[in-house]
2 protein chains.
Amino acid sequence: MPELRADARRNRDELLDVARQVIREEGVDASLRDIARRAGVGIGTLYRHFPTREALLGAIIGDGVRRLSARAADLSATRAPGEALEEWLTDVARRIGTYRGLPGTMLELVWDLEAGDKDLRVTCGDMMDAGRRLLARAQADHAVRPDVTFDDVFIAVAAISGIAHKSGPDPAARVLAVYLDGLRSAGATRS
Amino acid sequence: MPELRADARRNRDELLDVARQVIREEGVDASLRDIARRAGVGIGTLYRHFPTREALLGAIIGDGVRRLSARAADLSATRAPGEALEEWLTDVARRIGTYRGLPGTMLELVWDLEAGDKDLRVTCGDMMDAGRRLLARAQADHAVRPDVTFDDVFIAVAAISGIAHKSGPDPAARVLAVYLDGLRSAGATRS
DNA sequence: AGAATATGCGGAGCGGTGCTCCGTATGCAT
DNA sequence: ATGCATACGGAGCACCGCTCCGCATATTCT
């Protein structure tokens, strides 16, 4: 990293600030031109700092994602396995649900391992590994049915968290609660 | 309905045919210009037949939605309450998941009762009423926890069905199965 | 201090989008 | 065959994502 010039640093920060707000309100498909405009910079400047939409998104959520990795370790050390997983998933849902449209992006990220931004995937990789350990621990403790994979669980939480911006946070929380109950159930008990 | 002119009728049908295919592949945000082009028709013609995107969407899925209403009545008459509901929800998920992006549209439809196309809402209204009855019956039979509303359940199924186009149909089905297990569980058993 | 250089900036420009509007063509009834 | 209602097509407007390059300015060197 060859040290940013002072004005560049300022612009980058302002851009990130504005983008966070705009994307929260308008969604991941928000107009980049508009973000640049509101930040008081040219469109070219935005694209130089963040060459792709995913790069911008990655810069925006990077912090939160890292926080989630840390949170997983913390919960793992201080809570019962099942409780730790549930608490963490609830956190994940809350964080992903913050930015409109982000759930869809996360869904694609999990499945289509080739597409999307490298950095974003690497950052998220750490978090997903942390979650994977949490699930394994919960399953070993028989707190969670054994017939689910972490990818499935993560996908589910991402999809459910998308409800928040379309139907409000309360419905999203209620749906997640039901899903978590399903996770706790024995599973494969279909007659 | 003042009887369409012959060419108008042809164009409408062709438009609907093409739109169905394109929207299945590209999603509800597909280019309308492109649809018109592929149907061999001017963009103006498309907009005259379907003044809004929702109008087109409504015309596309209207049939399937009505089929779901009928299916609900059928299941209610031939299956046990719990079974009927689950079968129906699975059907709903399969149908909604057919068109990429439709789950999101349905989510908005349920919550934001003011927005969206009138016709679409009316058509869906019948289907939702049918589903509501199915849920009530299942709850009366203690096959489904009493602390969920139909809106919550429908929202959940819509959100989960969105997984299909992002991560494949199998993950979507597995997630739905877990949610349905949660629906069957007693509920409100959180320590 | 001033000059030289490297770095970052802005926005014109391209091809696309949604959507409107209206002159023109055509099916249909007479 | 004529006349009219109906339907058609696409130009036009404002916006979008994204690229490219001449110009301004922060920084470094003398």
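Chain letters run A, B, ... following the sequence lines, proteins first, then strands; residues in each count from 1.
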Spacing between [X] atom [atom1] and [N] atom [atom2], to the nearest angstrom:
X	N	atom1	atom2	answer
B/F50	C/dC19	CZ	P	14 Å
B/L4	D/dA7	CG	C1'	10 Å
B/R12	D/dG9	CZ	P	16 Å
B/E54	C/dG18	CD	C1'	13 Å
B/L56	C/dC19	CG	C1'	14 Å
A/R48	D/dC20	CZ	P	13 Å
B/L46	D/dG10	CG	P	14 Å
B/R9	D/dC8	CZ	C1'	17 Å

Where along residues 29-42 of chain B does a heavy atom come under 4.0 Å from DNA chain D, residue by residue in number order?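 Contacts with DNA chain D under 4.0 Å: B/R33, B/V41, B/G42.
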Can you figure out which of [options] approaches the side chain of [X] most closely?
X	options	answer
A/R53	D/dT6, D/dC8, D/dG17	D/dG17
B/A8	D/dC8, D/dG17, D/dT27	D/dC8
A/D7	D/dG17, C/dA12, C/dG8	C/dG8

A/E86 side, atom CD; A/L176 side, atom CG - distance, nearest 0.5 Å: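 Rounded to the nearest 0.5 Å, the CD-CG separation comes out at 8.5 Å.
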Is there a side-chain contact between [X] and [Y] in this structure, where contact means two heavy atoms from C-beta onward sitting under 4.5 Å apart?
X	Y	value
B/H49	B/L15	yes
A/Y99	A/T105	no
A/F50	A/L57	no
B/F154	B/M127	yes
A/R66	A/D126	no

May I ask you to verify if any side-chain N or O of [X] is less than 4.0 angstrom from the OP1 or OP2 atom of [N]?
X	N	result
A/N11	C/dG8	no
A/T45	C/dG10	yes
A/H49	C/dG8	no
B/R5	C/dT26	no

Given DNA chain C, 5'-ward residue of the pair B/Y47 and B/A6, judged by closest heavy atom: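 In this pair, the answer is B/Y47.
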Using 4.0 Å as the upper bound for N to carboxylate O, is an ion pair formed by A/D147 and B/R174?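 Not counted as a salt bridge, because no side-chain N and carboxylate O are separated by less than 4.0 Å.
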